[in-house]
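The block underneath contains the structure these notes are about, expressed in structure tokens.
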Amino acid sequence: MAAAIEHKAYARIGLLGNPSDVYNGATISLSTANFSATVKLEPSDDLVISPHRLHDLVNFQSLDHLVNRIGNEGYYGGVRLLMAICKVFRNYCKDNGIDLHERNFTLSYDTNIPRQTGLSGSSAIVCAALSCLLNFYEVRHLIKVEVRPGLILDAEKELGIVAGLQDRVAQVYGGLVFMDFSKEHMDKFGHGVYVPMDISVLPPLYLIYAENPSDSGKVHSTVRQRWLDGDEFIRSSMNEVANLALEGRKALMDKDYTTLATLMNQNFDIRRSMFGDEALGALNLEMVEIARVVGAASKFTGSGGAVVVFCPDGPSQVKDLEEACHKAGFIFEPVEVIPSRLNDSDLKTMTST
């Protein structure tokens, strides 16, 4: 029997430009080792998708236990995600003339990425599963790195998950990545331009999140439709947000952290003007404000539930913010950035940019 295959994918933090990735914009994102999802593929006689003992729980101690579990974990675990990526992967290979052997496997997963924190927990499971499939079928060299985030997104679309490519790009590439989703390039190639950056250009960053966050999936609601309808304010605001990523790339390369702090705050302010306080939620606003009160720069990591923070004044400011977070009941921790995870086989598939 062949050996088991195991892959990890890490939580994603949107540093600048989000949510313009959904609107042909540009972003800078990074992968963080603070949280991850792991998928294990073991050869087996039948093809089996193993439910997680906690996240796919179907046995309960009581009716109250069932209701409380749904309140904390939602209705859906990771089984549907694993099934969806298997379907998308198989169809992509079939459509592109990539032959797959007929051996079977068992997929299982685990994750410690907090739910509803805008840290891309669902896509991390799908990303790790795709990596397992690429190795098991020995087709990693046949599927371009740039294409893989789209496969992950397609799997999530199968399940009605509304999102952009940013998260999936960050998790496929690892490290720090600048992404340009211009319509011209997307229409021509089916993916954006993804440029890995050296993680050494980043200053120390911090994460603030709540143990019981609001649902990040609700935040995109009316803005998407207004953008599709050609709303001038939304269109121009999204362009502004995308430009922040362009400016941020230069600021990082120059290690101009004063400008970075300004851009992070502007990113959130523009988002707030588009979505409104009611859509963003009181808890999410409180996390941003608690950082700003001590003079730190802050913005959502994704669509809400967690905030990424930069403290330009250094350790004393970090200490003040940590104390304020603890007093308010928020979790505060330093961000550990993961370097690029692409291997030689992956790099050979990449389009030169």
Side-chain angles (χ1 to χ4, degrees), residues 10-19 27-35 113-114 116-121 166-167 170 175-177 197 199-214 216 219 241 244-245 247-249 251-252 255-273 275 277 280-338:
Y10 294 88
R12 181 275 303 128
I13 291 175
L15 185 62
L16 285 170
N18 57 310
T27 64
I28 298 175
S29 296
L30 56 99
S31 292
T32 171
N34 297 58
F35 306 106
I113 301 176
Q116 299 177 352
T117 51
L119 292 168
S120 303
Q166 169 190 231
D167 307 4
L176 178 68
V177 188
M197 299 175 65
I199 63 173
S200 68
V201 302
L202 287 168
L205 298 171
Y206 298 87
L207 198 61
I208 301 173
Y209 63 99
E211 287 195 80
N212 297 298
S214 59
S216 68
V219 179
V241 172
L244 296 179
E247 295 176 47
R249 183 184 181 189
L252 285 170
K255 295 193 174 182
D256 179 0
Y257 299 138
T258 300
T259 295
L260 176 66
T262 299
L263 296 174
M264 288 175 66
N265 284 332
Q266 286 177 347
N267 202 145
F268 178 76
D269 291 343
I270 298 170
R271 173 190 278 270
R272 188 175 190 175
S273 71
F275 288 90
D277 287 3
L280 298 189
L283 194 67
N284 290 323
L285 292 171
E286 187 181 352
M287 286 188 286
V288 170
E289 292 301 330
I290 208 166
R292 291 194 173 185
V293 164
V294 302
S298 59
K299 63 176 292 295
F300 289 173
T301 59
S303 296
V307 167
V308 60
V309 178
F310 168 49
C311 294
D313 294 342
S316 61
Q317 192 174 46
V318 172
K319 184 179 179 182
D320 290 343
L321 180 56
E322 185 173 15
E323 290 174 356
C325 286
H326 288 164
K327 183 180 287 188
F330 295 128
I331 299 167
F332 177 85
E333 57 187 68
V335 171
E336 182 184 346
V337 185
I338 285 288

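Counting only distance, with no hydrogens or angles, the side chain of S298 and the backbone of V288 share a donor-acceptor pair below 3.5 Å. Side-chain atoms of N34 come within 3.5 Å of backbone atoms of P334 as a donor-acceptor pair (strictly under, hydrogens ignored). Of the possible polar contacts, none joining the Q166 side chain to the P19 backbone as a donor-acceptor pair under 3.5 Å is found. The backbone N or O of G118 lies less than 3.5 Å from no partner atom in the side chain of S303, so there is not a single donor-acceptor pair. The main-chain N or O of E336 is found under 3.5 Å from a side-chain atom of T32 such that the two form a donor-acceptor pair.
Counting heavy atoms from C-beta outward, F330 and L283 have side chains that approach closer than 4.5 Å. For the pair I208/I290, a side-chain contact is recorded, criterion being any heavy-atom separation below 4.5 Å from C-beta on. Between N18 and K299 there is a side-chain heavy-atom pair separated by less than 4.5 Å. Annotation: side chain of E247 is not in contact with side chain of T259 (no heavy-atom distance under 4.5 Å). Within the 4.5 Å cutoff, the side chain of V337 has no heavy atoms near those of the Y10 side chain. T301 is listed as a side-chain neighbour of L207, based on a closest heavy-atom distance under 4.5 Å. Between S29 and V177, every side-chain heavy-atom pair lies at or beyond the 4.5 Å cut-off. Proximity of C325 to Y206: side-chain heavy atoms (C-beta onward) are nowhere separated by under 4.5 Å.
To the nearest 0.5 Å, atom CG of residue L15 and atom CE of residue M197 are 9.0 Å apart. With rounding to the nearest 0.5 Å, the separation of CD in E323 from CZ in F332 is 10.5 Å. Annotation: the span from L176 atom CG to I338 atom CD1 amounts to 13.0 Å, rounded to 0.5 Å. Here the CG atom belonging to L260 is positioned 9.5 Å from the CG atom belonging to N265, to the nearest 0.5 angstrom. To the nearest 0.5 angstrom, D313 atom CG is 9.5 Å from D320 atom CG. Summarising the geometry, atom CD belonging to Q266 is positioned 5.5 Å from atom CG belonging to L244; distances are rounded to the nearest 0.5 Å.
Between Y209 and F35, the ring center distance clears the sub-6.0 Å criterion.
Heavy-atom minimum distance, R12 versus S120: NH2-OG, 2.8 Å. Summarising the geometry of E286 relative to A328, their closest heavy-atom pair is OE2-CB, 4.1 Å, with the distance given to 0.1 Å. Between V308 and G14, the closest heavy-atom pair is CG1-O, 3.9 Å. Summarising the geometry of N284 relative to G304, their closest heavy-atom pair is OD1-C, 3.7 Å, with the distance given to 0.1 Å. Nearest heavy atom pair, residue T117 against residue P114, reads OG1-O, 2.8 Å. Taking every heavy atom of both residues into account, S31 and A170 meet most closely at OG-O, 2.8 Å.
With sequence neighbours left out, the salt bridge (Lys or Arg N to Asp or Glu O under 4.0 Å) criterion links E289 to R272.
Checked against L202 for a side chain to side chain contact (heavy atoms under 4.5 Å, CB included), the options I28, V335, L252 give a single hit: L252.
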